[in-house]
There are 2 protein chains.
Amino acid sequence: MQTDAAPRPTLADVAARAGVSASTASLAFSGSGPVSDATKARVLAAATELGYAGPDPRARSLRRGRSGIVGVVLEERVRAAFLDPVKIQTLDGISEGIAPLGAGLLLLTDTGEAGGQAVGIESAPVDAVVLIGCSPRLGHSVEVLRRRGIPAVAIEGQTGEDIPEISIDNRNATRRGAEYLRELGHSQVSLVTLPLDAERTRGRLTAELERDSTTAVATERLAGARAVFPDATGLAAAASSIEEGLEAGRALLSDPANRPTAIIAQSDLLAAGVIQAAEELGIAVPRELSVLGFDGIRVDGLQHDLTTLVQPSVAKGRAAGEALVRMLAGEQAVSVAFVSTLHIGDTTAPPRH
Amino acid sequence: MQTDAAPRPTLADVAARAGVSASTASLAFSGSGPVSDATKARVLAAATELGYAGPDPRARSLRRGRSGIVGVVLEERVRAAFLDPVKIQTLDGISEGIAPLGAGLLLLTDTGEAGGQAVGIESAPVDAVVLIGCSPRLGHSVEVLRRRGIPAVAIEGQTGEDIPEISIDNRNATRRGAEYLRELGHSQVSLVTLPLDAERTRGRLTAELERDSTTAVATERLAGARAVFPDATGLAAAASSIEEGLEAGRALLSDPANRPTAIIAQSDLLAAGVIQAAEELGIAVPRELSVLGFDGIRVDGLQHDLTTLVQPSVAKGRAAGEALVRMLAGEQAVSVAFVSTLHIGDTTAPPRH
DNA sequence: GGGCCCACTCGAATCGATTCGGCCTACAAT
DNA sequence: ATTGTAGGCCGAATCGATTCGAGTGGGCCC
């Protein structure tokens with residue numbers, strides 16, 4: 001086999017073969033501009049003969065100034081991010097929102113300066129970026145984006161800059177849920193929170209841990225719960241998963257003498273885990289234990305209709321996408337605050353006396 | 001606010017300000033090449049003063065001929081793909097395998113010519129591509145990639161071309177699992193398969209449906225099961241999910257007079273759904289019903305230790321990534337066939353007589 | 001038959017950075 | 001002191017396509 005010396009044909013080659021100029025050939029491909037049908041056909045034929053696969057995206061994007069790619073910055077590694085249904089829904093919403101752009105989604109992680117010459121947020125050919133979740137080191141990324149003039153939107157993460165934020169009323173929503181529990185008569189309430197710090201420390205909620213919290217979502221929801229139950233004890237989970245909820249649930253429920261009548265979980269997955277723990281321990285939900293979730297996702301395999309704060313994850317993603325579309329069109333995009341609604345299912349009831 | 005007339009500074013601007021040539025400034029940034037420390041510092045300083053955010057990725061990729069992006073082609077829309085843990089694991093493996101490249105992952109879907117001017121596989125600035133799953137219209141994509149000279153690897157999808165495939169022994173593995181069931185004494189066995197055609201038709205397995213099957217994975221696994229239980233009845237699910245498994249399970253188990261003693265599911269999620277259906281109907285697993293899965297994922301929330309064919313999803317992804325790395329380095333990459341192992345859990349037992 | 005307009009095509013500049021060969025200078029060796 | 005050498009820096013070509021203004025031919029209308 002002769003070495004792959006065969007240089008791939010370029011638009012110029014095609015044009016030459018078709019007997020037209022490069023500019024005409026370009027027009028024939030992009031469709032914009034007046035080109036006679038005969039000429040176009042000739043160009044296309046030449047392209048086929050030469051095995052030309054269409055304009056090089058790299059050159060095209062340089063010239064056009066747009067790459068047709070939207071970046072999504074996740075704070076975790078790929079696997080972790082996609083284990084969370086909320087993130088997936090959000091991502092799906094984004095892809096829906098940017099559909100008019102016909103752009104691809106480039107996954108980027110925020111994991112430090114990454115290994116080696118990684119294509120980080122600083123050197124990715126993206127037209128716009130969605131930042132998901134907040135991260136301490138986001139500041140740097142945002143600065144780079146600003147300098148590059150790349151439009152960005154943040155979902156659930158205040159950046160401190162002037163980039164639009166898509167969020168929900170984490171604090172108020174949780175407060176509403178907590179108030180509902182109080183109205184039912186609960187006073188012995190425990191909390192299971194999302195990770196509070198970047199290290200995802202698992203363990204008891206301490207004043208210290210709460211103070212040093214760096215993740216806005218968890219902090220806000222915690223504040224909402226605390227507004228109603230100031231002294232509730234609780235645990236911080238290391239992730240949003242059934243597994244973590246199960247573990248937290250076991251810890252919170254194992255001591256019969258000192259058992260809460262209700263548990264506020266900061267995500268549906270955690271809530272599902274808590275319910276599973278209760279079942280393991282023979283504790284009836286909701287008769288003996290009320291459980292409140294957050295998200296409003298359908299937990300595959302959960303038998304209950306979870307009482308939870310439904311947030312429109314897909315809509316959030318879509319709003320982010322649409323905001324980007326608007327920004328790319330030169331308009332000014334604004335922050336959007338969604339509201340979550342309390343869905344009352346069958347996992348909450350008055351406490352047993 | 002004056003219109004955004006402020007043109008972003010280019011490398012040339014920085015060079016001018018630093019009093020050096022563009023070429024020198026370039027070297028100062030990329031680090032390759034001899035540049036005195038003093039000069040480099042001056043360039044960097046000038047860059048800071050001008051708010052220069054580093055070389056434009058578009059121009060760089062045109063010149064260098066590489067974009068630092070690897071495409072992942074999924075056969076479904078984003079949401080659907082990420083509901084499947086196996087896909088997620090695979091994706092994670094890919095990102096691990098291509099780590100040496102420091103490349104980003106660009107999500108592409110294979111959904112026809114997409115809407116509008118979408119950045120499809122035909123016009124994405126990717127250095128390499130991983131094709132996940134096989135799809136009838138993959139042929140076209142493969143052709144485009146070949147013409148473009150973009151290295152590609154296929155995971156579980158024979159392309160008919162000379163691109164490397166990463167796969168497992170779907171047929172033999174399933175056969176081994178089926179044989180195990182037969183050894184236990186089962187003869188009344190039903191099947192729950194993954195979607196057999198592109199339309200994801202849900203319903204009874206018919207000769208017709210099996211013949212027209214277009215998805216290799218499902219077909220192979222089916223063949224493996226049929227090698228042991230040629231006349232097993234079964235259902236095709238519309239997706240790999242607990243929900244679908246639940247539905248299929250209900251259908252297969254609802255008639256007490258005509259109930260299988262074992263069910264072979266083509267994925268763990270389906271198996272989990274089947275088990276749930278059994279529980280609903282008061283059928284004990286494994287005493288009254290044995291269930292065999294496929295994948296070896298941890299189904300969040302499943303109480304059982306599923307008997308299943310464990311496939312190394314992450315390793316498959318990693319192998320694909322590594323193959324790409326090798327191909328990009330000019331080496332020839334070869335297909336890799338992994339083997340799955342039968343994990344015997346607590347969901348299979350001899351049939352009750 | 002002449003003038004005008006339209007439709008199509010072409011040239012050339014441009015997008016922004018990279019890279020290779022050459023050149024210059026300063027220092028070292030003889 | 002002269003030549004050799006190497007480190008540093010610069011010029012210019014190049015990557016491949018797009019785009020806009022200019023040019024040209026033919027057809028149409030009067």
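Remember, predicted model here, so these are calculated numbers, not experimental data. Reminder, nothing fancy here: chain letters follow the sequence lines and each chain counts from 1.
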S.K.: Within a strict 4.5 Å, meaning less than it, do heavy atoms of the D56(B) and R8(B) side chains meet?
M.R.: no
S.K.: Taking C-beta and beyond as the side chain, do V72(A) and L107(B) meet within less than 4.5 Å on heavy atoms?
M.R.: no
S.K.: Looking only at heavy atoms, what is the nearest atom pair of A128(B) and I150(B), with distance?
M.R.: CA-CG2, 3.6 Å
S.K.: Kindly write out the residues that satisfy side-chain contact (heavy atoms from CB on, under 4.5 Å) with R64(A), not counting sequence neighbours, or none if the list is empty.
M.R.: R60(A)
S.K.: Nearest whole Å is fine: how far is dG8(D) P from D37(B) CG?
M.R.: 8 Å
S.K.: Side-chain contact, heavy-atom cut-off 4.5 Å: I94(B) with I155(B)?
M.R.: yes
S.K.: Is there a side-chain contact between P125(B) and I69(A), using heavy atoms and a 4.5 Å cut-off?
M.R.: yes
S.K.: Just the atom pairs and distances: protein N or O near nucleotides 23-28 of chain C's N or O, under 3.5 Å.
M.R.:
none

S.K.: How many Å lie between NZ on K40(A) and P on dA7(C), as a whole number?
M.R.: 15 Å
S.K.: Does any donor atom in the side chain of S67(B) or D127(B) lie under 3.5 Å from an acceptor atom in the other side chain?
M.R.: yes
S.K.: Are any protein N/O atoms closer than 3.5 Å to N/O atoms in nucleotides 21-26 of chain D? If there are, list each pair with its distance.
M.R.:
none

S.K.: If you compare all heavy atoms of V35(B) against all heavy atoms of K40(B), which two are closest, and at what distance to 0.1 Å?
M.R.: CG1-N, 4.0 Å
S.K.: Within a strict 4.5 Å, meaning less than it, do heavy atoms of the I166(B) and V130(B) side chains meet?
M.R.: no
S.K.: Each nucleotide in nucleotides 13-20 of chain D should get exactly one letter: B, S or -. Can you fill that in based on protein heavy atoms under 4.0 Å?
M.R.: BBBBBBB-
S.K.: Give one of base, sugar-phosphate or nothing for T39(B), where a contact means two heavy atoms less than 4.0 Å apart.
M.R.: sugar-phosphate
S.K.: Are any non-hydrogen side-chain atoms of T39(B) and L27(B) less than 4.5 angstrom apart?
M.R.: no
S.K.: Is any side-chain heavy atom of L328(A) closer than 4.5 Å to a side-chain heavy atom of R66(A)?
M.R.: no
S.K.: How far does the helix from dG1(C)-dC30(D) to dT30(C)-dA1(D) bend, going by the axes of its first and last five pairs, to the nearest 10°?
M.R.: 40°
S.K.: Between D13(B) and Y52(B), is there a side-chain heavy-atom distance shorter than 4.5 Å?
M.R.: no
S.K.: Go through the structure and list residues passing side-chain hydrogen bond (donor to acceptor under 3.5 Å, both in side chains) with S21(A), not counting sequence neighbours.
M.R.: S23(A), T24(A)
